[in-house]
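Here is the structure we will look at, set down as structure tokens.
In what follows, every chain begins at residue 1, and chains take the letters A, B, ... in the order their sequences are listed. Everything numeric in this text was worked out from a predicted model, so none of it was measured.
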Amino acid sequence: MAIVSFNSPHNPTKSHYHQHPPPQPLSITTPNSNPTKTPSIRAHLSQLCQEGRPDIARSLFNTIPRPTTVLWNTIIIGFICNGMSHEALCFYARMINSLTPVNPDAYTYSSTLKGCANTQQLKVGKALHCRILRSHSTVSTIVGNSLLNMYSSCLNPLSRFDLVENVFDGLRKRNVVSWNTMVGWYVKRGLFVGALKQFKLMMEMGVRPTVVSFVNVFPAVVAMKDTNNCDVLYGLVVKMGSEYVENLFVVSSAIFMYAELGDIDSARVVFEVARERDIEVWNTMIGGYVQNDCYAEGLDIFLRVLELNDIVPDTVTFLAALTAVSRLQRLDFGQQVHSYLLKNSMIVPVIISNALIAMYSKCNLVDTSFKIFEKMEERDIVSWNTMVSAFVQNECDDEGLMLVYEMQNQGFRIDSVTATALLSAASNLRNYRIGKQTHGYLLRNWIQFEGIESYLIDMYAKSGLISIAKQLFEKNCVNTKDQVTWNAMIAGYAQNGETDQAFTVLRQMLEQNEKPNSVTLASILPACNLSGGVTVGKQIHGFALRHSIHGNVFVGSALIDMYSKCGAIVSGEMVFHMTPEKNSVTYTSIILGYGQHGLGGKALSLFQIMLESAVKPDAVTFVAILSACSYAGMIDQGLQIFELMESEYRIPPTPEHYCCIVDMLGRAGRVIEAYEFIKNLGNEGNVAGIWGSLLGACRIHGELELGKFVAKKLFTLNEGSGMAGYHVLLSNIYADKGMWKSVDGVRKGMRDEGLRKESGCSWIEIGGTVNRFTAKDKKHPQFDMIYAKLENLAMDMKIAGYRPIARCTADGTSELED
DNA sequence: ATGAATATTT
């Protein structure tokens, strides 16, 4: 089996030396042997360099009393070909300052200039340029080309002054290399039209293009998305003959060109035309498929590479394969790639480990990601960022924050990627302090990146500082509002329950001719639930249909949710069946809807259909189906599904699942069983919600003693927001039993602790207007008529023989039930 | 003995 090889940054395999025949045996020379000694010393030095030992060649060189220019050149070239450009430059400095004067020649200049290009030493390059101009009346084409190349790699491509062009204009003789370098330079400067013009000019001058000419001009048409000229250029390649069409450089860059332009079929044709393929051709083809979201096809090609005996997959191959695996969330495949790597290579490069971390994270196995991260001997900023993002994306925001802390301890600085993860964590945790700190850090360090405003708006809105979000939206994004920014603001208002504001922003968005997309609609739809009216939701649905975005999974799921929350479960059902693409959220929405409408049987049969489909249920799906079972009293089925969740689907239960089970048992009167269930959970069951469900059950079934015990337990847990509700529940239990003294006691306790239950509210939509009511409120413009009608109704009910049961609520108002 | 050139993770 082939051993996996990985590229090192300075891969010498492409140096010219390795294209030469294998080294000849040494010829030993003595200092005074004969006049031919110089060429043989030169051959010896050159051979040492070919063997990758230029330092030894230098030591040998140091023993030579009066080295000639040729010998100096040999060492300089030797260093350059071994990726030691810095040493080459030092050696050049030694040469011109030598006590035994030697004159640099064209070889010295071209190789030293290459050294400058490799190390970005503009000053040395300029000094060389001066020296060349001073010492020679004419500049040879090769030296001129070396100057062109040096300037094109050392100069800032965005600078207004174009020294490269000056040198090119000053060249007395140009050849195809000069033209190619110019085309490359234009591309680097972003002057794509210029690059293409230069290429055309070269053709018009009768210069025959080489493969490099094509490789250099392709990126220009890619950048311009110029599919026409792309075809013209490739046509030219075909015309030039098989030496061009089958050249590995041409094949690889043509595949890349077509793939970048979205024409993956043509890329495949180019790939098939190549009779011989090296690993880079294979990599480009895999990468092309990944780039075009054809992950399965990419993996097919990857598998073919593994089967080849003469091609060894490298870092890039595995990187592309892992990207495809991540996008497909094909964990099985990813694990195979992982074990292949472990089996076949000594060390896994950092970049591959990073991709593995990302892959496991995308497959929701963040623990495995962290194991890989922990085991890494070396980590770069991408490793840290990937792991932090992995935590944040898998709902482990606290771990993500801790890791950022640790990362800074180890000398890595927060960058734009870390910041996006931090902002996401802040908005997930609804923690504006972390968000503000991150915002401050970005401002202090002048860190800017694309979409920064949307991240900030999202964070401030979700963490409750909607006014700051609004300020950012209005001040910082005056002219730069894009779809994402608009969406962030709309979602922000919608999530804060500010429905009117959300719709105002949507209207502004439409007025400014910015098109809403699926994200916009999926963000605004939940606001329709809150507003209580189905009319607005229907309008959004109509909008989605008109703009052909109703087929989107997210929009579909949001529509289902909206209809079912507005009581229109039949419409929700229809949307479900008409949504072409269904994911776990789509299924969960409709199951939840069925459950809330008491349609347990329908929920259950749809859940069965889901299990048989390719869509995997997630933790939320189980909450939906369990609560549906609970509402419908389908206890046995519910318990069975709960078993299945852990054993079959490997989803660890959360407090929400436990709540469902307790609720399910409790509603059915199996209160003691529910209590036993919580006891068995141990410390994991010490969550207010779970005990709260049990307290609810105690009330329904009049379990006074257990209720008192459960309430006591709840009050020790003291989890804030819901506590008032639990006090009210306890007082209701007492009230049901007519124990008014105890009721008073609970209410006094609540007053002492400053607890107040938020009053319940109901609403109804009439003629497109939503009317909200809370107990005893007089805000409605027609409240007097409404109360008069209520009294009439109450009278009618009394006459009909109805006896309401009066129960006490915490704020002293009476509540009519049953 | 010298010059131009392709693929990559958050």
For A:W179, all residues meeting side chain to side chain donor-acceptor pair (under 3.5 Å), sequence neighbours excluded: none
Nucleotide nearest A:K114 (side chain, heavy atoms from C-beta), chosen from B:dA4, B:dA1, B:dT10: B:dA4
Table please: side-chain donor-acceptor pairs of residues 251-258 of chain A below 3.5 Å, with sequence neighbours left out.
unit_1 : atom_1 : unit_2 : atom_2 : d
A:S252 : OG     : A:T284 : OG1    : 2.8
A:S253 : OG     : A:F249 : O      : 2.5
A:Y258 : OH     : A:D231 : OD1    : 3.0

Donor/acceptor link under 3.5 angstrom from A:S252 side chain onto base of B:dT6: yes
Candidates B:dT10, B:dA1, B:dA7 - which lies nearest the side chain of A:S389: B:dT10
Sequence-distant partners of A:F79, ring pair (Phe, Tyr, Trp, His ring centres under 6.0 Å), two or more places apart: none
Partners passing salt bridge (Lys or Arg N to Asp or Glu O under 4.0 Å) against A:R379 (at least two apart in sequence or in another chain): none
Residue A:T181, side-chain atoms from C-beta onward, closest of B:dA4, B:dA5, B:dT2: B:dA4
Nucleic acid contacts of residues 367-382 of chain A, taken as heavy-atom distances under 4.0 Å to DNA chain B: A:V382
Check: B:dT2 base within 3.5 Å donor-acceptor of A:S110 side chain: yes
Plane angle bin for A:F218 and A:F214 - parallel if under 30°, tilted between 30 and 60°, otherwise perpendicular: tilted
Sequence-distant partners of A:Y151, ring pair (Phe, Tyr, Trp, His ring centres under 6.0 Å), two or more places apart: A:H129
Under 5.5 Å and under 30°: A:F256 stacked on B:dA7: no
